[in-house]
Amino acid sequence: MITLALSKGRIFEETLPLLRAAGIEVLDDPEKSRKLILATNQPEVRVLVVRATDVPTYVQYGGADLGITGKDTLLEHAAEWGGSIGAAGLYQPLDLGIAKCRISVAVRADFDYASAVKQGSRLQVATKYVSIAREFFAAKGVHVDLIKLYGSMELAPLVGLADAIVDLVSTGNTLKANHLVEVEHIMDISSRLVVNQAALKLKQAPIRKIIDAFAAAIAK
Ligand code: AMP
């Protein structure tokens, strides 16, 4: 059995064409079904529906052989394992180029970020991406207090919880709707395939077949 961990939403939708290229059709729609294990047209391949942030954990501990998740999630997971995804027993063979977005710093439109940084004031930064934020501000020599949140980061500057947020931005509509502006582009993000290193050794042929089909599909 080959088990692939995916999260619902954009990653799931954008993975379907890649699976199709590998001859795999998922038989259930996770938006309609409450099932967490989805069968495919291939009896030996199944899909797990998990939270995006749990994908590296499922793959690391062998609950899934492969998984797809964003670079943001992988960087945060790697930070828990000494900064390297390999140290977590994960092999990252492919940037799938899906679910593209960027990770940015945003502030209230009336907050003078440039002056705050220049004056060396301590910035209060709310984010789910504590490691990415810590590394980014450390490299700039900006002192920050990081406030860990799990969602709706955009609220934090509006209610005085933080001066700035570090969050994913795609169209920028969420920032705009909350009167926030992007002041730093930290990095581009896309989703990556990760593979359990032990599973790759034990089930080399079927896993390689999927990796090669994905690679061929994204090269088109
Ligand atoms: P947008 O309004 O299009 O800029 O999207 C921003 C909102 O969607 C933020 O709340 C982000 O956390 C979330 N978001 C944007 N892109 C992604 C992505 N690729 N994966 C997960 N969440 C995303």
Side-chain angles (χ1 to χ4, degrees), residues 5 7-11 14 50-60 67-88 90 92 95 97-192 194:
S7 53
K8 275 204 265 191
R10 199 168 155 193
I11 289 179
E14 295 187 25
V50 305
R51 279 187 75 119
T53 44
D54 290 335
V55 166
T57 307
Y58 273 88
V59 179
Q60 173 172 354
I68 296 176
T69 193
K71 181 181 175 185
D72 50 321
T73 302
L74 290 172
L75 286 173
E76 291 296 322
H77 187 79
E80 291 173 30
W81 293 87
S84 126
I85 209 71
L90 297 173
Q92 191 188 300
D95 175 356
I98 60 171
K100 282 188 182 169
C101 59
R102 55 194 184 272
I103 189 158
S104 296
V105 181
V107 298
R108 270 167 64 145
D110 59 3
F111 180 78
D112 191 349
Y113 174 79
S115 298
V117 166
K118 213 182 288 165
Q119 285 161 12
S121 14
R122 253 192 122 76
L123 273 188
Q124 314 288 312
V125 178
T127 188
K128 186 163 117 184
Y129 305 101
V130 172
S131 298
I132 293 172
R134 185 181 295 119
E135 199 164 305
F136 175 75
F137 287 109
K140 276 178 75 80
V142 175
H143 295 287
V144 290
D145 292 320
L146 294 169
I147 301 162
K148 169 98 185 185
L149 291 177
Y150 292 89
S152 302
M153 262 81 79
E154 295 86 0
L155 262 179
L158 305 182
V159 297
L161 188 67
D163 302 313
I165 60 170
V166 167
D167 194 12
L168 298 179
V169 181
S170 179
T171 60
N173 289 340
T174 307
L175 292 182
K176 209 179 288 169
N178 291 292
H179 312 290
L180 300 176
V181 291
E182 212 172 338
V183 286
E184 304 261 20
H185 173 168
I186 300 180
M187 68 178 83
D188 288 325
I189 298 290
S190 55
S191 288
R192 317 288 162 120
V194 282

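Between Glu76 and Lys128 there is no salt bridge, since none of the side-chain N atoms of the basic residue sits less than 4.0 Å from a carboxylate O of the acidic one.
Closest of all the heavy-atom pairs between Val181 and Ala109 is CG2-CA, 4.0 Å. Closest of all the heavy-atom pairs between Asp163 and Pro157 is O-CB, 4.3 Å. Heavy atoms only, all atoms of each residue included: Asp188 and Arg102 are closest at OD1-CB, 3.9 Å. Nearest heavy-atom pair, Ala156 versus Ala126, reported as atom, atom and distance to 0.1 Å: CB-CB, 3.6 Å.
The structure places CD of Gln92 at 9.0 Å from NZ of Lys71, a figure rounded to the nearest 0.5 Å. One distance of note links CG of Leu74 with CD1 of Ile85; it measures 4.5 Å at 0.5 Å rounding. Considering CZ of Arg192 and OG1 of Thr73, their distance stands at 11.0 Å, rounded to 0.5 Å. Atom-to-atom distance recorded for Asp72:CG and Ile189:CD1 is 4.5 Å, nearest 0.5 angstrom.
Side chain of Asn178 to main chain of Thr174: a donor-acceptor pair is present (N/O by atom type, distance under 3.5 Å, no hydrogens or angles). Without hydrogens or angle criteria, Thr127 side chain to Ile165 main chain gives no donor-acceptor distance under 3.5 Å.
Looking only at side-chain heavy atoms (C-beta outward), Arg122 and Asp145 come within less than 4.5 Å of each other. Under the 4.5 Å side-chain criterion, counting only non-hydrogen atoms from C-beta, Tyr129 is in contact with Met153. Counting only heavy atoms from C-beta outward, the side chains of Val125 and Val166 approach each other to under 4.5 Å.
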Let's go through Glu182 and Ser104 carefully: what are the C-alpha distance in whole Å and the side-chain angles of both, what is the deciding distance for side-chain hydrogen bond (donor to acceptor under 3.5 Å, both in side chains) to 0.1 Å, and is it a yes or a no? CA-CA 6 Å; Glu182 212 172 338; Ser104 296; 2.6 Å; yes
